[in-house]
Amino acid sequence: VMAKGVEDTSFYLYNRLVSLNEVGGEPDHFGTSPAQVHAFFAERAACWPLAMSSASTHDTKRSEDVRARINVLSEVPELWRERVGAWHWKNLPFLRSEDGQPVPDPNDEYLLYQTLVGAWPLEPLGPDGTEELTRRMQAYMEKATREAKLHTSWINPDPAYDRGLAEFIAEVLRPDAESGFLGDFLPFQRTVAELGMVNSLAQTLIRLTAPGVPDVYQGQEIWDFSLVDPDNRRPVDFALRERLLDDLERRATEVDGAALARELLAGWADGRIKMHVTRAALGLRAALPRVFVGGYLPLAAEGARAEHVLAFARVSGGEAAITVAPRLVATLTRGRGLGIPHADDWAGTVLALPSDLAGLYRDALTGEELRVEARDGACSVPLDVLLKDLPLALLERA
């Protein structure tokens with residue numbers, strides 16, 4: 001009942017924010033507070049320290065990177081509503097009619113726009129890329145509408161609805177379409193993609209360092225914008241990932257860690273930045289095995305941007321590793337224009353630490369060293385210093 005009735009039917013009908021419609025998910029559960037996250041991780045550390053932590057599997061409806069993009073929409077509802085309304089009117093001439101009803105209906109059209117925002121490729125699309133993306137969207141939307149079982153289904157397909165939907169997608173994605181949809185859509189999508197990149201790095205770092213045994217699904221070492229099967233069953237280009245890893249290791253010998261971090265962030269679209277975070281976090285886990293099956297200590301930020309930080313320490317004896325990840329990055333950067341957080345965004349905000357975590361730390365992501373000193377029984381780290389090169393940090397106690 002859960003699989004066929006909910007995940008494979010209702011989850012294709014209830015399209016409020018489709019990143020919530022994940023296997024095992026609860027779309028009516030909208031967001032989680034840092035306090036709830038800390039409580040979950042503390043319980044897991046105490047009771048199930050070896051449970052698997054995964055973000056993408058063979059069965060997910062959308063990859064972790066697609067969901068990270070779509071999650072951004074929850075922070076910009078007014079802008080999103082405005083753009084969806086504009087796109088609907090631009091694409092109105094492409095709607096077909098069946099028995100007096102539009103094809104696709106508004107709910108399916110809304111699902112398509114969210115899917116395009118989440119799955120749009122990073123590389124510029126030439127004719128071949130446009131054709132491939134069109135085929136992928138047509139196949140996905142056919143599956144989604146047939147699983148929804150409202151207008152068509154696998155058992156009782158409606159060829160007219162299926163055909164009308166496929167033709168609508170082809171027209172919407174046609175580069176020379178007079179509607180101007182792509183001209184309006186692409187700038188918005190690029191902004192969401194940049195914010196989604198930060199979301200993805202944050203969730204990757206948290207998953208790799210929080211209590212549990214992290215799982216990296218094949219291909220997710222770099223950006224992957226796959227949808228439900230068969231889209232996520234496409235061959236993984238492991239040769240590309242090997243080349244990127246070799247390049248990453250070579251660059252690490254040529255420039256210092258902070259310069260490399262800035263380089264990777266500036267060229268984030270090539271995927272090396274996600275591989276860098278994955279490599280650094282897994283390397284630290286291997287170096288400090290007792291820490292990552294040890295205790296879990298929630299950490300809190302203080303100051304103007306405190307709500308935009310999720311931080312925790314993993315501790316064992318005198319060893320410690322501290323994870324600092326941004327959250328709600330669209331809200332964080334909205335005042336200066338949506339984008340990647342930088343040092344100025346964290347001015348006046350510090351990460352508070354207990355005095356027993358004082359000491360010398362090295363950021364595994366940048367190589368930068370930071371001395372944390374105790375004053376009056378407590379310590380604090382200015383976030384505009386800690387996050388000056390990357391919007392996240394992984395500190396190892398030296």
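When a residue number appears, it is its place in the shown sequence, counting from 1.
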Salt-bridge contact [X]-[Y] (side-chain N to carboxylate O under 4.0 Å):
X: Lys274; Y: Asp65; value: yes
X: Glu254; Y: Arg250; value: yes
X: Glu171; Y: Arg174; value: yes
X: Glu221; Y: Arg272; value: no
X: Lys143; Y: Asp8; value: no
X: Arg362; Y: Glu368; value: no
X: Glu369; Y: Arg371; value: no

Mind checking the NE2-CD spacing from His151 to Gln101? Nearest 0.5 Å is all I need.
-> 8.0 Å
Gap between atom CG of Leu112 and atom CG of Leu165 - 0.5 Å precision | 7.5 Å
Looking only at atom types and distance, does a side-chain atom of [X] sit under 3.5 Å from a main-chain N or O of [Y], one as donor and one as acceptor?
X: Asp158; Y: Ala160; answer: yes
X: Arg233; Y: Val228; answer: no
X: Glu109; Y: Pro104; answer: no
X: Asn232; Y: His58; answer: yes
X: Gln203; Y: Ser200; answer: no
X: Thr60; Y: Thr57; answer: yes
X: Asn21; Y: Phe11; answer: yes
X: Asn199; Y: Ala68; answer: yes
X: Glu396; Y: Tyr361; answer: no
X: Asp256; Y: Ala259; answer: yes

Would you check, one step at a time, whether the test salt bridge (Lys or Arg N to Asp or Glu O under 4.0 Å) holds for Glu142 with Arg146?
-> CA-CA 6 Å; Glu142 180 183 67; Arg146 289 191 175 192; 3.7 Å; yes
Apply side chain to side chain donor-acceptor pair (under 3.5 Å) to Arg96 and list each qualifying residue two or more places apart in sequence or on a separate chain.
-> Glu167
Tell me, please, which residues at least two apart from Asp224 pass side chain to side chain donor-acceptor pair (under 3.5 Å).
->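 Once residues adjacent in sequence are excluded, the partners of Asp224 under the side chain to side chain donor-acceptor pair (under 3.5 Å) criterion are Gln220, Ser226.
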Would you kindly say whether Asp108 and Thr145 are connected by a side-chain donor-acceptor distance under 3.5 Å?
->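 The answer is no; no qualifying pair exists.
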Between the side chains of Asn71 and Ser19, is a donor N or O closer than 3.5 angstrom to an acceptor N or O?
-> yes
Got [X] and [Y] here, is their nearest side-chain heavy-atom distance under 4.5 Å?
X: Val372; Y: Leu395; result: no
X: Pro211; Y: Arg314; result: yes
X: Ile322; Y: Val381; result: no
X: Pro326; Y: Leu392; result: yes
X: Phe30; Y: Leu20; result: yes

Quick one: salt bridge (charged side-chain N to carboxylate O under 4.0 Å, His left out) pairs with a partner in residues 177-201, sequence neighbours left out?
->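 Qualifying pairs, neighbours excluded: Arg83-Asp184.
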Indicate if Met141 and Val84 have the same hydrophobic cluster label, given that clusters are the connected sets of ILVMFWY residues with side-chain heavy-atom separations under 4.5 angstrom.
->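 Hydrophobic grouping puts Met141 with Val84.
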Is there a path of hydrophobic side-chain contacts, each under 4.5 Å between heavy atoms of I, L, V, M, F, W or Y residues, that connects Val198 with Leu383?
->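 Per the 4.5 Å side-chain linkage, Val198 and Leu383 are not co-clustered.
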[X], [atom1]: over 12 other non-hydrogen atoms inside 6.0 angstrom:
X: Asp99; atom1: CG; result: no
X: Ile155; atom1: CD1; result: no
X: Trp89; atom1: CH2; result: no

For residues 323-341, the side-chain hydrogen bond (donor to acceptor under 3.5 Å, both in side chains) pairs (sequence neighbours left out) are Glu75-Thr331, Thr209-Thr323, Arg336-His342, Arg336-Asp345
For residues 40-52, pull every pair meeting side-chain hydrogen bond (donor to acceptor under 3.5 Å, both in side chains), keeping only residues two or more places apart or in separate chains.
->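 Found Arg44-Ser53.
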Apart from Val236 itself, which Ile, Leu, Val, Met, Phe, Trp or Tyr residues share its cluster (side-chain heavy atoms under 4.5 Å, direct or through members)?
->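 Result for Val236 is Phe238.
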Hydrophobic cluster of Ile206, others only, ordered by chain and residue number, side-chain cut-off 4.5 Å | Val37, Phe40, Phe41, Tyr296, Leu310, Phe312
What pairs of residues pass the ring-ring contact (aromatic ring centres under 6.0 Å, His included) test when at least one of them lies in residues 174-204, not counting sequence neighbours?
->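 Residue pairs with at least one partner in residues 174-204: Trp80-Phe188, Trp87-Phe181, Trp87-Phe185, Trp87-Phe188, Tyr113-Phe181, Trp120-Phe185, Phe181-Phe185.
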Using the salt bridge (Lys or Arg N to Asp or Glu O under 4.0 Å) rule, take Glu263 and Arg251 through it: C-alpha gap first, then chi angles, then the decisive distance, then the call.
-> CA-CA 10 Å; Glu263 172 189 315; Arg251 292 296 292 149; 2.5 Å; yes
Do any side-chain atoms of residues 283-295 form donor-acceptor pairs under 3.5 angstrom with protein atoms, and if so which ones, sequence neighbours left out?
| from | atom 1 | to | atom 2 | distance (Å) |
| --- | --- | --- | --- | --- |
| Arg285 | NH1 | Leu208 | O | 2.9 |
| Arg285 | NH2 | Gly212 | O | 3.2 |
| Arg290 | NH2 | Glu319 | OE1 | 3.4 |

For Trp346, check ring-ring contact (aromatic ring centres under 6.0 Å, His included) against everything at least two apart and list the hits.
-> none
Could you pull out all residues at least two apart from His308 that satisfy ring-ring contact (aromatic ring centres under 6.0 Å, His included)?
->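 By the ring-ring contact (aromatic ring centres under 6.0 Å, His included) rule, His308 matches no residue at all.
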Report the residue from Leu205, Val324, Thr366, Val277 that forms a side chain to side chain contact (heavy atoms under 4.5 Å, CB included) with Leu394.
-> Leu205
side-chain contact (heavy atoms from CB on, under 4.5 Å) with Val213: which residues, sequence neighbours excluded?
->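 Partners of Val213 by the side-chain contact (heavy atoms from CB on, under 4.5 Å) criterion, ordered by chain and then number, come out as Leu50.
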